[in-house]
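Each chain gets a letter, A, B and so on, in the order its sequence line appears, and its residues count up from 1.
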Number of protein chains: 2
Amino acid sequence: MPTTTAVRELPHPAHEEIRLDAVLHALADPMRLRIVTALNGYGEGEGQGATCSQIELPVATSTSTHHFRVLREAGVINQCYRGTAKINCLRRADLDARFPDLLDAVLRAAASPV
Amino acid sequence: MPTTTAVRELPHPAHEEIRLDAVLHALADPMRLRIVTALNGYGEGEGQGATCSQIELPVATSTSTHHFRVLREAGVINQCYRGTAKINCLRRADLDARFPDLLDAVLRAAASPV
DNA sequence: ACCCTAGTACGATAACCACCGTAGTACGAA
DNA sequence: TTCGTACTACGGTGGTTATCGTACTAGGGT
């Protein structure tokens with residue numbers, strides 16, 4: 001029996017359930033903005049994305065878990081387990097479909113100096 | 001002596017002091033989003049803009065005051081007194097200069113159905 | 001079987017926030 | 001000067017949140 005990689009699914013809002021309030025609130029936090037900015041550097045496809053621990057934050061890991069969950073529940077990121085790791089990626093397509101240009105504008109704003 | 005209209009100034013963040021966190025936080029509230037959406041329908045020039053009471057919100061007036069102040073302190077709107085009225089307008093130019101496309105993306109998202 | 005790594009769940013704490021009502025100020029009009 | 005309108009300041013309340021530490025689970029490697 002080969003070493004299979006267990007995958008557990010997690011609840012996500014459907015793309016039409018994503019609410020602007022929730023997205024803005026999720027993005028209105030420095031830590032979560034760092035997560036989103038970092039995830040933007042990783043892909044969204046199969047086998048892409050970043051694990052939680054790859055994105056280092058100056059907070060306790062339990063706090064980090066909390067921020068990832070807020071982003072997921074707002075519909076900003078997608079999360080699924082692969083083995084012990086949790087893979088995170090931006091839901092760019094869903095966000096772009098729902099709120100065109102919003103994610104890009106925020107990413108650009110977050111990247112701007114000062 | 002003619003009937004002059006007294007003008008009192010209020011403190012605003014300079015355009016380079018506008019912080020993304022604060023702007024997103026200010027916009028991440030349904031009432032404030034309504035204010036911003038409504039102000040978008042008014043002009044920004046001299047003698048334009050809307051008074052606080054022109055923008056009706058289903059909250060107490062003291063709560064309304066609070067929301068307008070949050071928007072002003074975040075740099076989203078400009079406020080100044082003219083007589084007993086307080087004129088509000090979007091700081092579109094400042095926001096666009098600092099965070100290009102962000103305001104438009106949010107306004108479009110807020111206007112999108114459901 | 002054992003352990004290590006990755007992340008979670010829970011409870012606590014302190015800060016913050018939306019909201020209200022009441023009392024008060026600023027200004028212009030009568 | 002008296003009044004009405006527009007808005008504010010303050011104090012309080014209940015709900016939410018960011019943070020932590022500790023104890024725990026899941027999965028994979030040895």
Side-chain angles (χ1 to χ4, degrees), chain A residues 1-11 19 21-36 38-39 49-74 76-89, chain B residues 1-12 19 21-36 39 49-74 76-89:
Chain A
M1 186 163 173
T3 301
T4 53
T5 307
V7 173
R8 271 174 293 159
E9 293 297 329
L10 284 160
R19 286 181 44 246
D21 287 358
V23 171
L24 291 176
H25 172 254
L27 296 175
D29 178 279
M31 292 303 155
R32 292 195 288 265
L33 218 37
R34 282 169 70 150
I35 293 174
V36 171
L39 283 181
T51 64
C52 293
S53 53
Q54 269 178 302
I55 297 171
E56 288 180 32
L57 298 177
V59 291
T61 60
S62 53
T63 304
S64 181
T65 296
H66 160 71
H67 287 306
F68 277 100
R69 184 175 49 227
V70 170
L71 287 169
R72 185 188 76 236
E73 290 177 350
V76 178
I77 67 172
N78 190 289
Q79 297 190 294
C80 75
Y81 290 99
R82 257 192 70 187
T84 58
K86 199 175 199 174
I87 309 292
N88 303 276
C89 22
Chain B
M1 186 163 170
T3 301
T4 53
T5 307
V7 173
R8 272 174 292 159
E9 293 298 330
L10 284 160
H12 290 78
R19 287 180 44 245
D21 288 357
V23 171
L24 291 175
H25 172 254
L27 296 174
D29 178 278
M31 292 305 154
R32 292 195 288 263
L33 219 37
R34 282 170 69 150
I35 293 174
V36 171
L39 283 181
T51 64
C52 293
S53 52
Q54 267 178 304
I55 298 171
E56 287 181 31
L57 298 177
V59 291
T61 60
S62 52
T63 304
S64 181
T65 297
H66 159 71
H67 286 308
F68 278 100
R69 185 174 49 227
V70 171
L71 287 169
R72 186 188 75 235
E73 291 177 349
V76 177
I77 67 173
N78 191 288
Q79 297 190 295
C80 73
Y81 288 100
R82 258 192 70 189
T84 59
K86 199 174 197 174
I87 310 292
N88 303 276
C89 24

Practice item. Can you tell me the distance, in whole Å, between the CG atom of L10(B) and the P atom of dT25(C)? Key: 18 Å

Practice item. Take the protein atom CG of L27(B) and the nucleotide atom P of dA18(C), then report the distance between them rounded to whole Å. Key: 12 Å

Practice item. Can you measure from CG (D29(B)) to NE2 (H67(B)) and round to the nearest 0.5 angstrom? Key: 5.0 Å

Exercise for review: Among the candidates dC7(D), dC27(C), dC19(C), find the nucleotide nearest to the side-chain atoms of M31(B).
Suggested key: dC19(C)

Review point. What distance separates L71(B) CG from L33(B) CG, expressed to the nearest 0.5 Å?
Key: 9.5 Å

Review point. Is the distance from OP1 or OP2 of dC7(D) to the nearest side-chain N or O of R69(B) less than 4.0 Å?
Key: no

**Study point:** Rounded interatomic separation in angstrom, taking CD from Q54(A) and C1' from dT5(C)
**Key:** 14 Å

Exercise for review: Report which part of the nucleic acid F68(B) touches: base, sugar-phosphate, or nothing (heavy-atom distance under 4.0 Å, all strands).
Suggested key: nothing

Study note, to complete from the structure: Of dG28(D), dG7(C), dA18(D), the nucleotide closest to the side chain of D29(A) is dA18(D)

Practice item. Write down the distance between CZ (R82(B)) and P (dG28(C)), rounded to a whole number of angstrom. Key: 10 Å

Practice item. Could you check whether S64(A) gets within reach of a base, just the sugar-phosphate, or nothing at all, counting any heavy atom under 4.0 Å? Key: nothing

Review point. Rounding to a whole Å, what distance do you find between L57(A):CG and dC20(D):P?
Key: 10 Å

Exercise for review: Take the protein atom CZ of R8(A) and the nucleotide atom P of dG28(D), then report the distance between them rounded to whole Å.
Suggested key: 9 Å

Check your understanding: Is there a donor N/O on one and an acceptor N/O on the other, under 3.5 Å, for the side chain of S62(B) and the base of dG21(C)?
Key -> yes

Exercise for review: Give a yes/no answer on whether the side chain of H67(B) brings an N or O atom under 4.0 Å of OP1 or OP2 in dC19(C).
Suggested key: yes

**Study point:** F68(A) CZ to T61(A) OG1 distance, which is reported to the nearest 0.5 Å
**Key:** 11.5 Å

Check your understanding: OP1, OP2 of dC7(D) versus side-chain N and O of S53(B): anything below 4.0 Å?
Key -> yes

Check your understanding: Taking for each residue the nucleotide of DNA chain D with the nearest heavy atom, is it G83(A) or R32(A) whose nucleotide lies nearer the 5' end?
Key -> R32(A)

Exercise for review: To the nearest Å, give me how far apart NE2 (H66(A)) and P (dA12(C)) are.
Suggested key: 18 Å

Revision key, fill the gap. Between the CD1 atom in I87(A) and the CD atom in Q54(A), the distance rounded to the nearest 0.5 Å is 7.5 Å

Review point. Closest to the V59(A) side chain: dC20(C), dG7(C), dT19(D)?
Key: dT19(D)

Point to revise | Y81(B) OH - dA26(C) P separation (whole Å) | key: 10 Å

**Study point:** Among dA26(C), dC20(D), dA18(C), the nucleotide that comes nearest once only the side chain of A60(A) is considered
**Key:** dC20(D)

Review point. Taking the side chain from N88(B) and the backbone from Q79(B), do they hold a donor-acceptor pair closer than 3.5 Å?
Key: no

Exercise for review: Using only side-chain N and O atoms of T63(A), determine if any of them is under 4.0 Å from OP1 or OP2 of dC20(D).
Suggested key: yes

Exercise for review: Nearest 0.5 Å please: distance from the CZ atom of R34(A) over to the CD1 atom of I55(A).
Suggested key: 10.5 Å

Revision key, fill the gap. Which of dC17(C), dA18(D), dC27(C) is nearest the side chain of A6(B)? It is dC27(C)

